[in-house]
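See below for the structure under consideration.
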There are 4 protein chains.
Amino acid sequence: MRTEPIYALDARKQPRQARSQATVDAIFEATIQVLLAEGLPRLTTIRVAERAGVSVGTLYQYFPQKQALLFAVLQRHLERVAQTVEDAAHAMHGATLAQMVKTIVTAFVQIKTENLEESRALYAVAAELDSRDYVLGIKQRNRAALEAMLKTASDAQFDDIATVTFMFAGVLIGPIQVLLEGPPSADMLRMLPAQLESVCLGYLEREANPANRAKAS
Amino acid sequence: MRTEPIYALDARKQPRQARSQATVDAIFEATIQVLLAEGLPRLTTIRVAERAGVSVGTLYQYFPQKQALLFAVLQRHLERVAQTVEDAAHAMHGATLAQMVKTIVTAFVQIKTENLEESRALYAVAAELDSRDYVLGIKQRNRAALEAMLKTASDAQFDDIATVTFMFAGVLIGPIQVLLEGPPSADMLRMLPAQLESVCLGYLEREANPANRAKAS
Amino acid sequence: MRTEPIYALDARKQPRQARSQATVDAIFEATIQVLLAEGLPRLTTIRVAERAGVSVGTLYQYFPQKQALLFAVLQRHLERVAQTVEDAAHAMHGATLAQMVKTIVTAFVQIKTENLEESRALYAVAAELDSRDYVLGIKQRNRAALEAMLKTASDAQFDDIATVTFMFAGVLIGPIQVLLEGPPSADMLRMLPAQLESVCLGYLEREANPANRAKAS
Amino acid sequence: MRTEPIYALDARKQPRQARSQATVDAIFEATIQVLLAEGLPRLTTIRVAERAGVSVGTLYQYFPQKQALLFAVLQRHLERVAQTVEDAAHAMHGATLAQMVKTIVTAFVQIKTENLEESRALYAVAAELDSRDYVLGIKQRNRAALEAMLKTASDAQFDDIATVTFMFAGVLIGPIQVLLEGPPSADMLRMLPAQLESVCLGYLEREANPANRAKAS
DNA sequence: CATGAATGAGAGTTCATTCAT
DNA sequence: GATGAATGAACTCTCATTCAT
């Protein structure tokens, strides 16, 4: 994929006043709405501006390119997710595997699910936007937080912690993603946390170094 | 997302002559190549035609709309995946959980990995194309095959097989997807099958009905 | 002829500013000019825009489809014609047949002749555009105005007024059309009004109810 | 209107064999049908060929350009009309005005009405095709035939016979055209001949030289 | 001669972006 | 700053015409 450097994907103008912030928020909100109502191919700057109740000119005041707007929306979402994971992981340092898994799964399902529609809409954006590096960075951050946490598990120790973390993260996201893409099933959504805990705990216990596990108990 | 019915997404002239078939193949190939080299936003019908060594007119003779072309490419890929899963699942009817998991994981990783680039490129297509129903259908097929297989496990029995299958499929795809999106790591790729087996088997054994497990042993 | 409903043939942004109105007028004028200079098959949106001194984008801001543009031009012309006929007919209520005919013929010839080139150019547009219903509506309006007038003739009364009106209108338009299509002959143009009066009056007097004619004289 | 000389509007190949003639006829027929079913803008060579049951290549064997095909169809129609008028006019040499009018009106209404749909479809073709000269020529022929006939009227003589003929022809065609364009009304169609006779005879009698009329009677 | 796959110029239309008001 | 009319490059798609089979 041609990865031309994107100059200034970041919004040029840092909003300093309340009015500005309100405008930016309205634009963010409008972007998500258009995304959901019309789909990415029909998301035009004019449509977003209209729905946000501002003019195109104003929109361009805050986001000098369309890509910058989409990037910002994606960023806002992923940043929130990363922060949640980091907070949860940090809080669990020194806990048992079971406690860790329960907390992480709960937090992750919660954050991905509470804005279910938004999450779904942003998949297309991430896929199309030239944001691969950024997305990879976020995933890296998430994994780092998880890895740091796993290292402090009171009842387990892992030989290849990088691999274990990778699988942990992958396993966490897989079923959630499938759920997001599919027709929203309330049933599945209810079962998801417990099932995800089962999956993760099952895996982590299997992979935990037996010697240490013994020592821990 | 506005889901206007797409009339005749696959309504394309069926090639009747050998020459035609070669043309269609060249167009398929070119589509993947452009997707990888330029990305979906820069995939235009003219660029595809040029790379395929034909004129736009010819392209449109076989794919009456751009969407039809993308859909066909996606379809070819997913059909292959679904077929692979179905074959593998069917072959494992009556086997043990461990055998099932090993076979399925191997087949799935293999098919997704052998055309790694193609798989990656198609994510954006699926996300943007109005192909949700089709993609969901494929997932349904996959799950049905897995469920039918799991029901025949010689050493296990599940209470809520629908949920178990859903998680099984989700867990299978999660880490693979993460791998596809990231920078291809040979290390991870090597470990993936064993790790996936561990994850799946860990989960399935945990969820298997204890009574039956006892009986089986 | 496949008469698919044309959605929003006239759905165009209503110009709100003076600048806009000037733009729209320029586009109208340019359309007629291109029609005359190049003919309908060579009338492209780009050519019209160029001649109007604006960009294609601007043209499409006011006329969302090419058809809408052509329709608007046709409409402007026919509306003017219909208005002229209605005004003339209304003014002659209660007059004698001879006065009526003289006035209507004069008005009709005048309006069709003053923008002779425009009239001619629009025949092809009307023939090709999916405007049959609209054109028929205009003709209906014209006939209604003539019929209402004829009913009030002070010196005549008709048995089958619908038929008489139909023929009156048809006879009126026939020679004018022939003249428009042909090479403009100043001679014929000069004679036309008197001749048309003769034709119409001859016909109407023939068809007038004899009893009433007697009474009137 | 840019009147670039049309090279070779005539069909290149004069069909010599029965098979060829059948093919040409099928193509003619198909053209009319497509014209009626789809309208001029959707009349493509491929569609015509398909409906005629031949390949595009074959169509181009007989008509080297699309214009040549349309021109030929138009020609066939107008030739038939012109021939009919000429025959009728010639047969009436030396007759009375009343006889002349009756015969001409009958013939003209008949020929235009029997292939009503065809007549209507060809208006757009004539308007768009670069056939103005040809159409004018046909009209000229028709007028010449009428004029020659009128000159021999046994009971009338005209001062300005050119003008009278022009009006006669124009009056003849006006109501017919209106009828063709509108929704076909059986009522009007039935009345048309008598009404047209009335119009024409009324006019001609008015314009006939009184002196001669006296002498004639 | 007939076929129909291939061609590619050119048409209609969209939309990110600019800038005079 | 805000506005929204104007821009025009770029895209999708059509169709008259050609020519290898």
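FYI, side chains are in, hydrogens and waters are out, and symmetry mates aren't considered; it's all heavy atoms of this structure. Numbered from 1 within each chain, the chains take letters A, B, ... in sequence-line order.
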Quick one: [X] [atom1] to [N] [atom2], roughly how many Å, whole number?
{"X": "E50(C)", "N": "dG10(E)", "atom1": "CD", "atom2": "P", "answer": "14 Å"}
{"X": "Q61(D)", "N": "dT17(F)", "atom1": "CD", "atom2": "P", "answer": "15 Å"}
{"X": "K66(B)", "N": "dT14(F)", "atom1": "NZ", "atom2": "P", "answer": "15 Å"}
{"X": "F63(D)", "N": "dA2(E)", "atom1": "CZ", "atom2": "C1'", "answer": "16 Å"}
{"X": "Q67(B)", "N": "dC11(F)", "atom1": "CD", "atom2": "C1'", "answer": "14 Å"}
{"X": "Y60(C)", "N": "dC11(F)", "atom1": "OH", "atom2": "C1'", "answer": "13 Å"}

- Nearest-nucleotide check on DNA chain E, G57(C) vs S55(B); residue mapping nearer the 5' end is S55(B)
- Between T58(B) and G53(D), the residue closer to the 5' end of DNA chain E by nearest nucleotide is G53(D)
- So what does L59(C) touch, heavy atoms closer than 4.0 Å: a base, only the sugar-phosphate, or nothing? nothing
Selection from [options] that lies nearest to any side-chain heavy atom of [X]:
{"X": "V56(D)", "options": "dG4(E), dT12(F), dT7(E)", "value": "dG4(E)"}
{"X": "R47(B)", "options": "dG4(F), dA6(E), dC11(F)", "value": "dC11(F)"}
{"X": "T45(C)", "options": "dG8(F), dT3(E), dT13(E)", "value": "dT13(E)"}

- Message: For a quick test of reading the model, state the closest non-hydrogen atom pair linking Q65(C) to Y60(C) and the distance between them.
- Response: CA-CE2, 4.2 Å
According to a strict under-4.0 Å criterion, is [X] in side-chain N/O contact with OP1 or OP2 of [N]?
{"X": "T44(A)", "N": "dT14(E)", "value": "no"}
{"X": "Y62(B)", "N": "dA6(E)", "value": "yes"}
{"X": "T23(C)", "N": "dA5(F)", "value": "no"}

- Does dT17(F) pair with anything, Watson-Crick or G-U wobble, both distances under 3.5 Å, and if so, with which nucleotide? dA6(E)
- Query: Should E50(C) and R47(C) count as an ion pair when the cut-off is N to O under 4.0 Å?
  - Reply: no
- Integer angstrom distance from the P of dT21(F) to that of dC1(E): 22 Å
- Polar contact flag, side-chain donor to acceptor under 3.5 angstrom, S55(D)-T58(D): yes
- Message: So does N115(D) get a backbone contact from the side chain of S119(D), meaning a donor-acceptor N/O pair under 3.5 Å?
- Response: yes
- Identify the residue among L40(D), V73(D), L70(D) that makes a side-chain contact (heavy atoms from CB on, under 4.5 Å) with L122(D). V73(D)
